[in-house]
Amino acid sequence: MKNIVILISGTGSNMAAIVKTAQREKWAVNCGARVAAVISNKAEARGLKFASDHGIVTEVLDHKAYPSREAFDAALAQVIDRYDSPSQPVLVVLAGFMRILTPGFVSRYAGRLVNIHPSLLPAFAGLHTHQRAMDAGCQVTGATVHLVTAELDHGPILAQAVVPVLPGDTADTLGARVLAQEHLIYPQAIAKLLQRM
Ligand code: NHR
Ligand code: GAR
């Protein structure tokens, strides 16, 4: 069985979409995979309740409790590695996880560390993507699932969804339209990746 470990920082709606798809599509049977744990760097992340309500182990690792990014990432890797072995390899899924990861962490999980970013990469890497897309006059934007590499939001692209920018949009209305597409493409991209793990 492959173990999926999902990292969140907030609402966790992408995490919830992955958990629901895994149940609906019987990933345990069809992909040999299960969502083993959800880890948040914020104790107040709303997604933690959804995860524990669905019988998933949850863990909080507050980055502020560590003296450096390297120390936080080492502690994070230690927790993740409980779910990693040759017979049960781990897939690490960033779902609204808001801490930049160190090169050491990224190389440890190379090829099995994925992120969803709310823009059509390579456009608008980094934060505040919806406001930046509107400010640039974009007529479309979207979301990108990509493998994580040491360079922020630059890894190989696994899936994208295109979303129109509509008259009168705010960052919030546009973000909600993008998020609905994220919930469709992220579980799908993960299922595909599991097949080649
Ligand atoms: N780490 C690496 N090495 N590479 C990537 O591509 C990563 C990553 C960690 C997270 C998600 C990413 C996004 O999709 C992600 C991709 C956080 C920040 C950020 O600036 C930027 C991009 C992403 C996530 N974080 C601040 C930091 O100092 C904190 C911001 C906050 O806490 O609100 O880490 O957009
Ligand atoms: C999503 O739109 C995701 O793409 C984005 O944050 C939202 C999280 O929502 N991620 C980033 O901006 C990463 N820096 P969720 O917590 O409900 O899944």
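Below, each value reflects all heavy atoms present in this structure, side chains not excepted, and no hydrogens, waters or symmetry copies. Atoms within a ligand are numbered from 1 in the order they appear, just like the ligands themselves.
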I need the atoms of ligand 1 closer than 4.0 Å to a non-hydrogen atom of [X], numbered in the order shown.
| X | answer |
| --- | --- |
| Val148 | 2 (C), 4 (N), 5 (C), 6 (O) |
| Ala150 | 3 (N) |
| His146 | 6 (O) |
| Gly126 | 35 (O) |
| Val106 | 3 (N) |

I'd like to know whether ligand 1 has [X] as a neighbour, heavy-atom separation below 4.0 Å.
| X | result |
| --- | --- |
| Thr149 | yes |
| Gly155 | no |
| Ile116 | yes |

Tabulation required: pairs of a nitrogen or oxygen in ligand 2 and a protein nitrogen or oxygen under 3.5 Å; columns are atom names and distance to 0.1 Å; otherwise 'none'.
| unit_1 | atom_1 | unit_2 | atom_2 | d |
| --- | --- | --- | --- | --- |
| ligand 2 | 2 (O) | Glu182 | OE1 | 3.2 |
| ligand 2 | 2 (O) | Glu182 | OE2 | 2.8 |
| ligand 2 | 4 (O) | Glu182 | OE1 | 2.7 |
| ligand 2 | 4 (O) | Glu182 | OE2 | 3.2 |
| ligand 2 | 16 (O) | Gly12 | N | 2.8 |
| ligand 2 | 17 (O) | Ser13 | N | 2.7 |
| ligand 2 | 17 (O) | Ser13 | OG | 2.5 |
| ligand 2 | 18 (O) | Ser13 | N | 3.4 |
| ligand 2 | 18 (O) | Asn14 | N | 2.9 |
| ligand 2 | 18 (O) | Asn14 | ND2 | 3.0 |

Sub-3.5 Å donor-acceptor pair from the side chain of Thr102 to the main-chain atoms of Glu70, do we have one?
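No; judged by distance alone, with no hydrogens or angles, the pair does not exist.
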What I want to find out is whether Glu59 reaches Arg82 closely enough, with some N-O distance under 4.0 Å, to be called a salt bridge.
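Salt bridge between Glu59 and Arg82, a charged N being under 4.0 Å from a carboxylate O: yes.
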Can Asp73 and Arg108 be counted as an ion pair, charged N to O under 4.0 angstrom?
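No.
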Can you find an N or O of [X] that's nearer than 3.5 Å to an N or O of ligand 1?
| X | value |
| --- | --- |
| Asn115 | yes |
| Arg69 | yes |
| Met98 | yes |
| Leu94 | no |
| Leu101 | yes |

Classify the side-chain pair Thr144/Gln160 by whether it contains a donor and acceptor separated by less than 3.5 Å.
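Their side chains do contain a donor-acceptor pair, which is all the 3.5 Å distance test asks for.
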With a 3.5 Å cut-off and no angle check, do the side chains of Asp81 and Tyr109 form a donor-acceptor pair?
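Side chains of Asp81 and Tyr109: pair found under 3.5 Å.
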Protein contact to [atom] [nearest heavy atom, distance to 0.1 Å]:
| atom | result |
| --- | --- |
| atom 13 (C) of ligand 1 | His117 ND1, 3.2 Å |
| atom 6 (O) of ligand 1 | Asp153 N, 2.7 Å |
| atom 24 (C) of ligand 1 | Phe97 O, 3.5 Å |

Using 0.5 Å steps for rounding, measure from the CG atom of Asp169 to the CD atom of Gln131.
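The CD atom of Gln131 is 10.5 Å from CG of Asp169, to the nearest 0.5 Å.
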Once you measure the plane-to-plane angle for Phe97 and Phe72, does it fall in the parallel (<30°), tilted (30-60°) or perpendicular (>60°) bin?
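Phe97 vs Phe72 ring planes: parallel.
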With side chains defined as the heavy atoms from C-beta onward, is the minimum distance between Ile39 and Ile8 less than 4.5 Å?
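Side-chain contact under 4.5 Å: no.
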Mark yes when over 12 heavy atoms from residues, nucleotides or ligands other than Lys2 sit less than 6.0 Å from its NZ; otherwise mark no.
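Count over threshold, so yes.
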Check Leu152 against ligand 1 and report side chain, backbone, both or neither, counting heavy atoms closer than 4.0 Å.
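Under 4.0 Å from ligand 1, Leu152 contributes backbone and side-chain atoms.
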Restricting to non-hydrogen atoms, name the atom on Arg34 and the atom on Asn3 that form the minimum distance, rounded to 0.1 Å.
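Closest pair (atom of Arg34, atom of Asn3, distance): NE-OD1, 2.9 Å.
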